[in-house]
Protein chains: 6
Amino acid sequence: MRPSGRTASQIRPVTITRNFTCHAEGSVLIEFGNTKVLCNASVVEGVPRFMKGQGKGWITAEYSMLPRATHTRSDREAARGKQGGRTLEIQRLIARSLRAAVDLKLLGENTITLDCDVIQADGGTRTASITGACVALVDALTWMRAKGILKANPMKHMIAAVSVGIYKGSPIADLEYLEDSAAETDMNVVMTDTGKLIEVQGTAEAEPFSFDEMNEMLSLAKDGIMELFDAQKSALA
Amino acid sequence: MRPSGRTASQIRPVTITRNFTCHAEGSVLIEFGNTKVLCNASVVEGVPRFMKGQGKGWITAEYSMLPRATHTRSDREAARGKQGGRTLEIQRLIARSLRAAVDLKLLGENTITLDCDVIQADGGTRTASITGACVALVDALTWMRAKGILKANPMKHMIAAVSVGIYKGSPIADLEYLEDSAAETDMNVVMTDTGKLIEVQGTAEAEPFSFDEMNEMLSLAKDGIMELFDAQKSALA
Amino acid sequence: MRPSGRTASQIRPVTITRNFTCHAEGSVLIEFGNTKVLCNASVVEGVPRFMKGQGKGWITAEYSMLPRATHTRSDREAARGKQGGRTLEIQRLIARSLRAAVDLKLLGENTITLDCDVIQADGGTRTASITGACVALVDALTWMRAKGILKANPMKHMIAAVSVGIYKGSPIADLEYLEDSAAETDMNVVMTDTGKLIEVQGTAEAEPFSFDEMNEMLSLAKDGIMELFDAQKSALA
Amino acid sequence: MRPSGRTASQIRPVTITRNFTCHAEGSVLIEFGNTKVLCNASVVEGVPRFMKGQGKGWITAEYSMLPRATHTRSDREAARGKQGGRTLEIQRLIARSLRAAVDLKLLGENTITLDCDVIQADGGTRTASITGACVALVDALTWMRAKGILKANPMKHMIAAVSVGIYKGSPIADLEYLEDSAAETDMNVVMTDTGKLIEVQGTAEAEPFSFDEMNEMLSLAKDGIMELFDAQKSALA
Amino acid sequence: MRPSGRTASQIRPVTITRNFTCHAEGSVLIEFGNTKVLCNASVVEGVPRFMKGQGKGWITAEYSMLPRATHTRSDREAARGKQGGRTLEIQRLIARSLRAAVDLKLLGENTITLDCDVIQADGGTRTASITGACVALVDALTWMRAKGILKANPMKHMIAAVSVGIYKGSPIADLEYLEDSAAETDMNVVMTDTGKLIEVQGTAEAEPFSFDEMNEMLSLAKDGIMELFDAQKSALA
Amino acid sequence: MRPSGRTASQIRPVTITRNFTCHAEGSVLIEFGNTKVLCNASVVEGVPRFMKGQGKGWITAEYSMLPRATHTRSDREAARGKQGGRTLEIQRLIARSLRAAVDLKLLGENTITLDCDVIQADGGTRTASITGACVALVDALTWMRAKGILKANPMKHMIAAVSVGIYKGSPIADLEYLEDSAAETDMNVVMTDTGKLIEVQGTAEAEPFSFDEMNEMLSLAKDGIMELFDAQKSALA
């Protein structure tokens, strides 16, 4: 039995609000239950030095939790003077996932930065970030086309992400904080809307997991992510 | 004539939303027109080392702008590895102002941190932060009293803040970004609801200002702040 | 056809040299072909602050590449003043994997740090690090038992790791640098010698991968890791 | 009664020594009683990147206290690896104040840096810095004219600064450390020799202050600053 | 022929001003010609953690050049966020030299920090620092004895330092900047007033030097340092 | 009597292994007894900004100890976020020494970086680094000549280094850790194979040393270094 009464495969209600702030080229507030992440897409001309002269664009991401997004206050990374390993790991994952959704050649020598700032956390902040950032990215690309910066749509497919895990011995989808902190295994899965995998990151927190459990988790992830694609489509309609 | 059509003394519509997030002991979203700041108050037992053993509490603040709160994206301070001078200056101002609102003895050896994170910026982020943080502080103190941590209410008076300035030769109140970036003089005023001053920070950006102009600005500030106290009271009712 | 002429499932020759340096409680040089990593295990009494008083031990890891372990020289992280995201991500993976191999209760309030320093890199440095660090950890635990610090052996099972990927459309095991830099998909797998999974980290570098490809890669990984357990056992014999 | 026996409006003896060091284009040791600050002006061709191509110059400032300028030794900021909030706030104030004294167009694309290093502190270090730096700036501009770098004098007016405050219930001018640390309110005022205001920064340290007290303090500040202009003129004669 | 017309063995005029600032337990301005260094000694109870419980004291040093102590302005290390290698090397030398002058047992568990801040530089800043810091140290120890903190004088002998070098093929003493920047070899020598060596640091900047040249330089150093001991004695008389 | 039974002038067995790693243009593992340092030389086109346009090359060095090169584990400098004073001092010494061995004009506008990473430490790591780096440098220059980058050999002479000291009252050569940590005086000497001095750094750790002792140490150093030149020559044969 899950704390929320959800079934094993049931993901939390998803809300996607576009144009949440007014300055960014794409601005999405995404909610997975009580997890709320603001995903802003910023377009700038030019690419980082290591990409120059290749005629290709770049997509990068930054992730942060507001200090009091969590039950107890965390130190502000800007005040500590460095980003922690968890932050860097998550923002690398977000950026890699979104780069896999885009044809960088069609983007031209432009950079899109996706800022994912967690306003409130209840598990699944990285998967919500990826799912919301994909919508913000679509809006930013639409803005670029409207401005005449792009000739063709660089989006190869939509992507979305969900967490799955083994909790009290059973596979479940979309873990909230109470489940996440007690799970034996935790896995984040990023997929395309063409049914393929972009990232799979499974970790045995307490107990090693079997190949069968891995497959059960992947199957739950697939179902959950399909619902997320529906939510993205509704929001973009 | 102001870009928004406001009169010289007219402040922007103010919205104060309490309990904006669910974990903080006080959580307020304050809006001064298009400026939106999330003010979270976090209570922790104990005080910083330099305050230990005095039987008094401590109030501190941190301020940050989300990278895309502004027209063009700013670098994330956590990624750059340090907080800028403007950030430090503003968070010192917020903390000083709120400490002046509280009897630290009645707070006991507890610390309240006020995190002011700017979601969207259009001028006046520091004055919105102070005004919103004061409401979040009230909620946090109420929470502490409900928990039996405090015996008496440490709040000495409410505080609120507004910016004033000289714009195209005339004094105006509550500058938005377009005005702020073109103003000859810019002044931030923090007051108590007993009509006294906590902070006055006036700066000649382009032209020195006279003692008369200073008094006119202070007078506009007083009127604007009185309206803010009304907004705070309505929100707390 | 692989650049080295290896078959798809063939891992590189593995060499494990114990007592490579004289000061560490466990010191192993592990070679996966041309990849050479020095894994030193250091034992200290006590645990980090967040673990104190729980009667449990802690295992942590640090990873670094010598500046000229690679084809062209990389900046030294100590000189740049911070560890990069890749470094932090890898050392978090190493530490998590090894903690999953040990019963922290039986370790008592002691900390073991595993320093994995890459002397020469040719792909697979993180999987070599995990595989070598596990042997260094065994030696350190043996040293602790000989000193009377431990009453029972905290090792729950051996762990080892290998990389797999999709290269020119086919799944292969233990990618060297030339393959790694051209692979469509890259996956690192950590397993126990009881046949269970500890970590699975698959990334679509260029093309999304299917569930079938994922299973083929996992199967190659399992076979490769079994050979690594043999190499560990021979070394420890 | 003030500790020094001064009257409420009496500022400390002011000494201004030009050419205190031999390398800087302007070098002034200024003393406000026991407060001693070395103000060096350095001229370099060119401007920071954000100013390039505008045909205008730039003036910036850095402030520091020697570790043992104070009663007890403070940590050296270079050793701690960052400048504190107080330091940044003060050097921003100094730079802003001096930029307001100069016509940046007439300066051409040149930068003048004002280094204010506190040799000995007894209150009022920021106001002494501004007052002394203005003299160093005049000397640097004279040097530039002698070198043929400038065609016209960019100085619009002299500036000077003094601190005022409410001490034991009464307004006083030019607080020394004993007064400053006990004052209810502390205010720093920067003015032009044409009688206008450049900066007003008033802070209620212990008690809010009234509009009347504010005016009394401003009046004291004006009188004190007029004496400082005399001291500047004598030094420059 | 030296730029200043000095003979090969002639050191610059030395001036030692005690009590240069009012807060430090020892405060000395030392001048070697145009090189001026402020040496402040600060006494604090207690020792760094690695020295605790040994019943011994500690002496440490920090060195810095004001940004405009030199012909062209150097970046401020506090603003750059770290101390350079040259700075660290020099302050380690100063601290080591002064520790060699003191019986740390007689100092008790107290720490003396010697801050050497270069006000104006013209070569020989590190040797001036050591020579001046030794006098500041004597004053701080006298202060400690007067306060009853010390029972016996921990000073084992005075120390002083001078630079020597090979300039245009000939050994000279006490190099000023013009000589230093053109010298083939540069050597700093620290000695006791009992005629023994504390530190010898010789560096071939342009040309290797012979054993004979080394001995000639040492001989010049000895003579110069003897004059410095006279200057110290006069100052302390 | 020395702990190892060596005579006063006897240096430890020296082993020099070239091509220790496969990527660097010069790669040498040097062993002075139990001290083992990996010295990699990396060639890059171009020079640092301050050297540009002079038609000359540059040689620099970086030094580091693996965390567990020593008896107890040291913090990793990359994790602490800065290189310590000892590290910076040593790498400055290594770089200066090697620059003195090379005609920078003949090197053209190329930079060679010498990375000296201590795998295992037992005293003398800086002298081993210099001696090994010189061989790696020769290999890198040979590689450059083979590539046609250099027309003439820029090597002016070989250099090598040894430590000497006063241990239990007597001068000895090539101190190992046990001797080093107990020595009264410690001196590092760098020489050319033409019998001249490059660097002499003598430090009285516990007792000042006499001019006679200095000469005895220099004499021991000279003999030891001559043996090192033989080892270099054999390795390069």
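All figures in this text were calculated on a predicted structure; none of them were measured in a lab. Just so it is clear: chains get the letters A, B, ... in the order the sequence lines come, proteins before strands, and each one is counted from 1.
Closest non-hydrogen pair, A136(D) versus L114(D), comes out as CB-CD2, 4.4 Å. Taking both residues in full, the closest heavy atoms of L220(D) and S9(D) are given as CD2-CB, 3.5 Å, listed atom of the first, atom of the second, then distance.
Between T70(D) and Y177(D), the side chains place no donor N or O within less than 3.5 Å of an acceptor N or O (distance only, hydrogens not considered).
Of all residues in residues 154-168 of chain B, those placing a non-hydrogen atom less than 4.5 angstrom from a non-hydrogen atom of chain D are K156(B), H157(B). Applying a 4.5 Å heavy-atom cutoff, the residues of residues 209-217 of chain B that approach chain D are F209(B), S210(B), F211(B), M214(B), N215(B). Applying a 4.5 Å heavy-atom cutoff, the residues of residues 182-199 of chain D that approach chain B are M191(D), T192(D), G195(D), K196(D), L197(D), I198(D), E199(D).
Using a 4.0 Å cut-off between charged side-chain N and carboxylate O, E77(B) and K82(B) make no salt bridge. Salt bridge R92(D)/E89(B): present, at least one basic N to carboxylate O contact under 4.0 Å.
Per-residue counts of heavy-atom pairs under 4.5 Å with chain B were compared for L88(D), L218(D), L93(D); the largest is that of L218(D). Counting heavy-atom pairs closer than 4.5 Å to chain B, the top-ranked of the candidates A204(D), G202(D), A100(D) is G202(D).
Rounded to the nearest 0.5 Å, atoms CG (D75(D)) and CZ (R80(D)) are 6.0 Å apart. In this structure, T60(B) OG1 and R96(B) CZ are separated by 11.5 Å, a value rounded to the nearest 0.5 Å.
Under the 4.5 Å side-chain criterion, counting only non-hydrogen atoms from C-beta, R86(D) is not in contact with Q91(D). Contact check for C134(B) versus L98(B): side-chain heavy atoms found under the 4.5 Å cut-off. Under the 4.5 Å side-chain criterion, counting only non-hydrogen atoms from C-beta, V37(D) is in contact with C39(D).
Each of V138(D), V14(D), V135(D) was checked for a side chain to side chain contact (heavy atoms under 4.5 Å, CB included) with Q232(D), and the lone residue meeting it is V135(D).
Contacts between R99(B) and chain D at a heavy-atom distance below 4.5 Å are absent for every atom of the residue.
A donor-acceptor pair is defined here as one N or O able to donate and one able to accept, closer than 3.5 Å; such a pair exists between the side chain of E109(D) and the backbone of G53(D). Between the side chain of S129(B) and the backbone N or O of T125(B) there is at least one donor-acceptor pair closer than 3.5 Å.
With sequence neighbours left out, the salt bridge (Lys or Arg N to Asp or Glu O under 4.0 Å) criterion links R68(D) to E25(E).
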